[in-house]
Amino acid sequence: MTTIGIPKEIHPGEKRVAATPQTILKLRKLGFDIAIQSGAGDAINSSNAEYQEAGAAIVHDAAELWASSDLIMKVRPPEENEADLIRDGGWLVGFIWPGQNRDVVDRLAKKNATVFAMDSVPRITRAQKMDTLSAMANIAGYRAVIEAAAHFPRFFTGQITAAGRIDPAKMLVIGAGVAGLSAIGAAKGLGAIVRAFDPRSATKDQVASMGAEFLELNLKEEGEGKGGYAKEMSDDFLKAEMALFAQQAMQVDIIVTTALIPGKPAPKLITKGMVESMKPGSVIVDLAAEQGGNCALTEPGHVVHHKGVTIIGYTDLPSRMASMSSQLYGATVTALLEELIDKGDVSSQAETRPIGSVSAEVETASPKLKVDLDDEVVRGAIVLHEGKMLWPAPAKELPPPPEPGVPTKSSASVAAAKPAAGHGHGEGTGVNPWLLAVAALVMVGLAFVIPPKAESAGGDFLGHLTVFILAIFIGFQVVWNVKPALHTPLMSVTNAISGIILVGGMLQLGTSSLSLTVVLGAIAVLIAAINIAGGFLVTNRMLSMFRK
């Protein structure tokens, strides 16, 4: 069976662990054997007994754990001699930061290791459940506000007391990514007035939905880079940006900075002069401290006091909420391991295998790990495969630009969607004209076959059928032209207002005799009632996402 080893983190101050008892239960369900170093969960208040109860074996010696495990799960990159402890041909999953730790990667390559970096998981829709960076950034943003509140000498929320009025704190969040939005939500929850800035225009609506004010520059320059991250901006934009920050520094009480550019040191956005212009008692929380910091006075890992302003440069904010961080981290790693399991080669076997101090016979599905380089998630996250360097993943090839004068597929389709001037033969409707012709012939045939008044149907059957077909056609065209992202709210609203179907079905239940009409009416009442209740429920849940 495949054995996963979870060593104790040795980085100074690191309290997280790669798996909690809850995530170990999921790994055991997938068929893995789990071995964990004794005391690995002490910092998150999870004892060895809890891990044993979840199905993990306790190993006291770190070297024994690394040597006996097929796959090692870690949080931090290997340190000191850890890279030399991995067994030849072993697997490693964790934060690697291969661009900054090439010496570690080279040492792992000499051991023919297969290494996956959780920090390199591509940020695509399918990989959201494996997005460890977002999970940790969410915690860091929340914790940044808590740290700011601990050092800020006043309330966040405004109050009117017998002793006088207390104005609410004003906060500026620089960078509206996951951490920035999390900080905005936490600050708004504490009652602060929040402003935010980000060079990516796509974040404007997200900031507004959190109840914060989005600060804009007059320059039209987009800051969206590869993978949704920010990119380096032009000199003119940077000058205007720094002028905005200088103005805001004199007005706000708290600044939270989150600005990072992948592969580069953190940009310096808050100068010494800006810090000195802030009011006494103000606080700056620099989430980019580990990469040098966005503030010129930031000292990574320390709290600095400069002329009445507190500058917090903690680099372990997720570790300060170690229990939650470990749970979310373990869940994302488990999701990645699910992608690595060879779905076509899982055999059930019973075996007795000693791991540390536990020896037991188990019968379960034994998963086999497989590296599928055609999988976008696997290809993006892998660093080494059997010692061969595969990082970074190749960029997607974009289609070549069209030659001048040659219409592209998209432009051709747009042109086809517009009816030609002076022609009214149905071009551009998006519907096959032959299909319309067949439908017209069917309607003409029904006009001759069905009597004008079908008394058994209760009225003009052909007229009702015509309305029914037109309703289907128009409804299809309406939904077809709506963006896919809006399909859920659209359908929830249309279901909520489908009471006309309920009324029509109830009218058919007025007769005492049982007939096909009564049965169909009862079915219509049941389905319409479900649609109405479900429509209002979905609509209410979607609206609650945007309420404070």
Side-chain angles (χ1 to χ4, degrees), residues 1-76 78-82 85-87 90-95 118 132 135-136 139 143 316 318-338 341 348-367 369:
M1 296 201 41
T2 302
T3 302
I4 296 177
I6 304 166
K8 186 176 182 178
E9 298 295 325
I10 64 174
H11 185 82
E14 182 57 70
K15 299 178 181 179
R16 290 172 293 179
V17 62
T20 64
Q22 292 79 11
T23 57
I24 282 179
L25 290 173
K26 296 180 181 179
L27 291 171
R28 290 287 295 166
K29 188 175 181 180
L30 292 174
F32 294 107
D33 272 345
I34 310 296
I36 186 168
Q37 187 177 348
S38 178
D42 288 350
I44 63 169
N45 299 317
S46 292
S47 63
N48 290 345
E50 291 181 82
Y51 280 105
Q52 284 182 311
E53 187 176 349
I58 305 300
V59 179
H60 294 277
D61 183 60
E64 178 187 352
L65 177 75
W66 282 77
S68 62
S69 301
D70 302 303
L71 184 148
I72 295 292
M73 281 174 52
K74 271 184 61 61
V75 179
R76 292 273 184 171
E79 298 190 19
E80 298 179 2
N81 66 333
E82 285 185 317
L85 293 178
I86 193 169
R87 61 191 288 182
W91 288 41
L92 173 66
V93 179
F95 282 123
M118 295 304 297
T132 311
M136 297 300 104
I139 296 174
R143 185 69 188 193
D316 61 345
S319 184
R320 290 171 180 263
M321 301 181 69
S323 180
M324 176 176 288
S325 299
S326 300
Q327 176 63 32
L328 295 180
Y329 181 83
T332 57
V333 175
T334 301
L336 177 63
L337 292 181
E338 288 183 283
I341 292 177
S348 178
Q349 59 184 10
E351 60 177 87
T352 302
R353 184 173 182 180
I355 305 175
S357 59
V358 175
S359 178
E361 182 174 316
V362 293
E363 182 173 351
T364 183
S366 178
L369 297 177

| request: Write down the atom of Ser325, the atom of Pro318, and the distance for their closest heavy-atom approach. | output: OG-O, 2.6 Å

| note | When every non-hydrogen atom of Pro7 is compared with those of Ile72, the smallest separation belongs to CD-CG2, 3.8 Å

| query | Once you round to the nearest 0.5 Å, how far does CD of Gln22 lie from OG1 of Thr334? | reply | 11.5 Å

| Does any non-hydrogen side-chain atom of Ile4 lie less than 4.5 Å from one of Asp33? | no

| field | Donor-acceptor contact present, side-chain Thr20 to main-chain Ser326, <3.5 Å | value | no

| query | What's the spacing between Leu65 CG and Thr3 OG1 if we round to 0.5 Å? | reply | 10.0 Å

| field | Pair listing, side chain to side chain donor-acceptor pair (under 3.5 Å) test, anchored in residues 34-43, at least two apart | value | Ser38-Asn48

| message | Working to the nearest 0.5 angstrom, can you tell me the gap between Ile24 CD1 and Met73 CE? | response | 8.0 Å

| task | Take Val93 and Leu336, measure what side-chain contact (heavy atoms from CB on, under 4.5 Å) needs, and give me the verdict at the end. | result | CA-CA 9 Å; Val93 179; Leu336 177 63; 4.1 Å; yes

| query | What are the two closest non-hydrogen atoms of Val75 and Glu9, and how far apart are they? | reply | N-OE2, 2.8 Å

| query | Does any non-hydrogen side-chain atom of Leu30 lie less than 4.5 Å from one of Arg28? | reply | no

| query | Looking only at atom types and distance, does a side-chain atom of Thr23 sit under 3.5 Å from a main-chain N or O of Ala19, one as donor and one as acceptor? | reply | no

| field | From Met118 atom CE to Tyr329 atom OH, the distance as rounded to the nearest 0.5 Å | value | 6.0 Å

| query | Are Glu82 and Lys74 close enough that some pair of their side-chain heavy atoms sits under 4.5 Å apart? | reply | yes

| query | Just wondering, do Leu92 and Leu71 contact through their side chains at under 4.5 Å, heavy atoms? | reply | no

| field | Glu14: salt bridge (charged side-chain N to carboxylate O under 4.0 Å, His left out) partners, not counting sequence neighbours | value | Arg16, Arg76

| query | With a 4.0 Å cut-off, would you call Lys15 and Asp316 a salt bridge? | reply | no

| field | Ile34 CD1 to Tyr51 OH distance, which is reported to the nearest 0.5 Å | value | 11.0 Å

| request: Only pairs at least two apart or in different chains count here, so list each salt bridge (Lys or Arg N to Asp or Glu O under 4.0 Å) that has a residue in residues 322-337. | output: none

| Minimum heavy-atom distance Ala63-Leu85, with the two atoms named | CB-CD2, 4.2 Å

| field | Reported CG-to-OG1 distance for the pair Leu328 and Thr132, which is rounded to 0.5 angstrom | value | 9.5 Å

| request: Can you see which heavy atom on Pro367 is nearest to which on Phe32, and at what distance? | output: CG-CE2, 3.6 Å

| said: With a 4.5 Å cut-off on side-chain heavy atoms, are Thr2 and Leu369 touching? | reply: yes

| task | For residues Ala40 and Ile6, report the shortest heavy-atom separation together with the two atoms involved. | result | CB-O, 4.5 Å

